[in-house]
Amino acid sequence: MIDIRLLRENVEHVIERLQTRQKDFSYLRQVVDVDERMRKTLVEVEELKASRNELSKQIGEFKREGNDATKLMEQVAGLGETIQALDASIETDREFIHQTLLETPNIPYQDAIVGVSEEDNVEVRKHLTPPVFSFPPVPHWDLAEQLDIIDFERGVKIAGPRFVVYKGLGARLERALMQFMMDVHAMEHGYIELIPPYINNKESLTATGQLPKFEDDLFKLNMEGKDYYLNPTCEVPAINYHRDEVLKKADLPLRYVGFTTAFRKEAGAAGRDTRGIIRLHQFSKVELIAFASPEDGYVIHEQMLNDAEKILQLLELPYRVIELCTGDLGAAMAKTYDIEVWLPSYDAYKEIASISNAETYQARRANIRYKEQPESKPEFVHTLNGSGLAIGRTVVAILENYQQADGSILVPKVLQSYMKTDVIK
RNA sequence: GGAGGAAUACCCAAGUCUGGCUGAAGGGAACGGUCUUGAAAACCGUCAGGUCGGGAAACCGGCGCGGGGGUUCGAAUCCCUCUUCCUCCGCCA
């Protein structure tokens with residue numbers, strides 16, 4: 001959520017910066033008007049409440065001393081109704097402001113690359129060059145089928161389209177990657193491991209920004225009349241881990257590495273990436289999450305990017321890092337890097353990780369703050385999240401980049417001890 | 001699933017029956033001090049925090065006893081409702 005105070009101070013500036021997202025935010029002017037009206041009424045009703053409190057106190061004193069308080073009670077008689085009416089009008093205005101701001105995306109960071117679409121994203125760096133094959137490389141869906149390590153048909157039978165069964169060494173590869181990534185981040189990069197609930201409540205999804213606007217992307221459950229959602233990313237439970245808390249400055253940055261299975265409806269992606277396991281309703285992911293003071297936020301962001309890249313470096317996979325332009329930025333995020341891994345079947349780089357700083361946008365929604373000193377006023381933290389990495393797409397990258405002429409797959413060196421084999425055949 | 005009980009400030013806890021000098025006794029912890037070569041002990045002192053609004057500021061006011069609603073001039077206290085936790089029984093990986 002963006003800061004209402006920032007809006008009050010300079011709506012036009014906020015609107016201008018938000019417009020770089022290529023949408024219309026002129027409606028925010030109305031929010032400022034309503035806010036002003038609301039605050040005026042607030043002053044009015046608070047004065048009335050103060051006088052009611054004063055009179056009630058006097059009534060108490062009168063009665064205690066055995067005096068007649070009828071006159072005072074007459075004085076206070078009409079106040080209640082007026083107060084109630086004013087309170088109701090404040091509540092309406094407040095609710096309007098709140099709902100509107102809940103649906104307003106984050107302001108891109110100060111020096112954001114202004115652009116219209118992903119076309120305008122900017123490449124930051126590249127690592128390794130795409131492999132050159134002496135034979136026509138085979139896409140992962142064919143490799144996986146031939147090796148009998150991913151069962152597409154039975155996935156559809158059991159659950160439906162965009163579900164698969166990992167089998168044999170395919171299942172082991174998935175498991176090895178999870179273990180490997182968690183190990184690197186926890187033991188070498190110093191993140192604290194987390195395995196949170198995969199089912200999250202409405203408050204959690206609202207705090208991170210999926211609700212109310214993006215409900216269509218989520219798998220929704222209804223248990224005894226209450227709504228729950230399957231988490232679309234570990235970011236949701238991990239950020240909410242500290243919801244409604246005041247953190248100690250000395251504990252920052254707090255850095256976690258979480259494992260979850262992520263569930264996505266992919267509602268708007270019909271017909272896209274239909275072959276293989278690039279876009280499934282269910283996939284495993286190792287996620288990095290950090291809570292930092294605002295002055296450290298962007299330092300941690302770069303560090304998190306490096307930590308995610310490290311996995312691809314260890315796996316010896318070619319990738320590039322791009323910075324998203326304002327038109328391609330996720331709603332809750334102020335700045336995002338994507339890491340794209342080389343996929344021979346696409347003959348292109350494909351997103352495998354996304355590392356973002358939400359600044360105080362999620363912290364304000366989730367009410368996560370920190371104190372500089374024990375006696376100082378709590379301030380909102382920066383929240384950061386980054387894939388470290390999406391496991392399904394890592395499987396794809398390994399199958400396709402490590403394939404041999406005979407259809408077998410070499411196992412990356414760092415995975416061999418986890419896989420107990422150096423080749424999948 | 002059945003039957004009971006509980007939620008008060010950093011922690012413990014009184015107050016709730018009988019509404020008003022209670023935004024909250026007492027204890028612990030913490031912090032500051034006296035004493036001490038230093039520390040402990042003892043003693044003295046401080047100790048809701050938060051949030052929203054007004055104000056240049058000093059400061060003033062609203063809210064606030066798990067959440068929401070109601071009764072009342074006035075609610076920690078009465079009523080409704082939700083949530084969470086605990087105990088016992090049943091079931092269970």
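Worth saying up front: this structure is predicted, and the values here are computed from it rather than measured. Residue numbering restarts at 1 for every chain, and letters A, B, ... go by the order of the sequence lines.
At a threshold of 4.0 angstrom between heavy atoms, the contacts of A/Ile59 include nucleobase atoms, whether or not backbone atoms are also involved. Heavy atoms of A/Lys63 sit under 4.0 angstrom from at least one base atom. Among the atoms of the strands shown, only primed sugar atoms or phosphate atoms (P, OP1, OP2) are found under 4.0 Å from some heavy atom of A/Arg8.
Only the P atoms considered, B/U46 is 15 Å distant from B/G28, to the nearest whole Å. B/C21 and B/A75 are spaced 11 Å apart, taking the P atom of each and rounding to whole Å. With P as the reference atom, B/G74 and B/C31 are 44 Å apart, rounded to whole Å. B/G23 sits 36 Å from B/U34 when the P atoms are compared, rounded to a whole Å. When the C1' atom is used for both B/U81 and B/A93, the distance is 35 Å, rounded to whole Å. Remark: the separation of the P atoms in B/C35 and B/U51 is 39 Å, to the nearest Å. With P as the reference atom, B/U71 and B/C86 are 35 Å apart, rounded to whole Å. The separation of B/G27 from B/C89, taken at their P atoms, amounts to 40 Å, rounded to a whole angstrom.
Proximity of A/Glu44 to A/Leu48: side-chain heavy atoms (C-beta onward) are nowhere separated by under 4.5 Å.
Under 4.0 angstrom from either OP1 or OP2 of B/G54 there lies at least one side-chain N or O belonging to A/Arg39. For the OP1/OP2 pair of B/G20 and a distance below 4.0 Å, the side-chain nitrogens and oxygens of A/Arg52 include no atom meeting the criterion. In terms of phosphate contacts, A/Arg94 brings no side-chain nitrogen or oxygen within less than 4.0 Å of OP1 or OP2 of B/G53. Side-chain N/O atoms of A/Asn53 include none lying less than 4.0 angstrom from OP1 or OP2 on B/G61.
In this entry B/U37 has no Watson-Crick or G-U wobble partner, no candidate having both defining distances under 3.5 Å. Using N1 to N3 plus N6-O4 or O6-N4 for Watson-Crick, or N1-O2 and O6-N3 for G-U wobble, each under 3.5 Å, B/C59 pairs with B/G54. Nucleotide B/C91 forms a pair with no other nucleotide shown, judged by Watson-Crick or G-U wobble geometry with both contacts under 3.5 Å. When both distances must be under 3.5 Å, the Watson-Crick or G-U wobble mate of B/U22 does not exist. Figure legend. B/A30 is base-paired to B/U46; pairs are counted as Watson-Crick or G-U wobble with both atom distances under 3.5 Å. Taking a pair to require two hydrogen-bonding distances under 3.5 Å in either a Watson-Crick or a G-U wobble arrangement, B/G4 pairs with B/C86. When both distances must be under 3.5 Å, the Watson-Crick or G-U wobble mate of B/C17 does not exist.
The distance from atom CD of A/Glu91 to atom P of B/G70 is 11 Å, rounded to the nearest whole Å. Atom CD of A/Glu44 and atom P of B/G54 are 14 Å apart (whole Å). The separation between A/Glu74 atom CD and B/G74 atom P is 16 Å, rounded to whole Å. The separation between A/Lys49 atom NZ and B/G23 atom C1' is 17 Å, rounded to whole Å. Distance CE (A/Met73) to P (B/G74): 9 Å, rounded to an integer number of Å. Nucleotide B/G62 holds its C1' atom 13 Å from the CG atom of A/Leu86, rounded to whole Å. One can place CZ of A/Arg5 at 9 Å from P of B/G54, the figure rounded to the nearest angstrom.
When each of B/G62, B/G70, B/G20 is scored by its nearest atom to the side-chain atoms of A/Ser56, the top-ranked nucleotide is B/G20. Among the nucleotides B/G53, B/U51, B/C73, the one closest to any side-chain atom of A/Val76 is B/C73. Each of B/G74, B/U71, B/G50 was ranked by its minimum atom distance to the side chain of A/Lys371; first place goes to B/G50. Here the side chain of A/Leu42 is nearest to one of B/G62, B/U51, B/C52, namely B/C52.
A salt bridge links A/Glu12 with A/Arg29: at least one charged nitrogen is closer than 4.0 Å to a carboxylate oxygen. The pair A/Arg39-A/Asp35 meets the salt-bridge criterion, with a side-chain N (NZ, NE, NH1 or NH2) lying under 4.0 Å from an Asp/Glu carboxylate O. In summary, A/Lys249 and A/Glu372 engage in a salt bridge, as defined by a charged side-chain N under 4.0 Å from a carboxylate O. A/Asp148 has a carboxylate O that lies under 4.0 Å from a charged side-chain N of A/Lys167, or vice versa, which qualifies the two as a salt bridge.
For the pairing with A/Ile352, the side-chain contact (heavy atoms from CB on, under 4.5 Å) check across A/Ile311, A/Val396, A/Leu389 returns one residue only, A/Leu389.
Looking only at distances, a side-chain donor or acceptor of A/Lys420 sits under 3.5 Å from a matching main-chain atom of A/Ser417.
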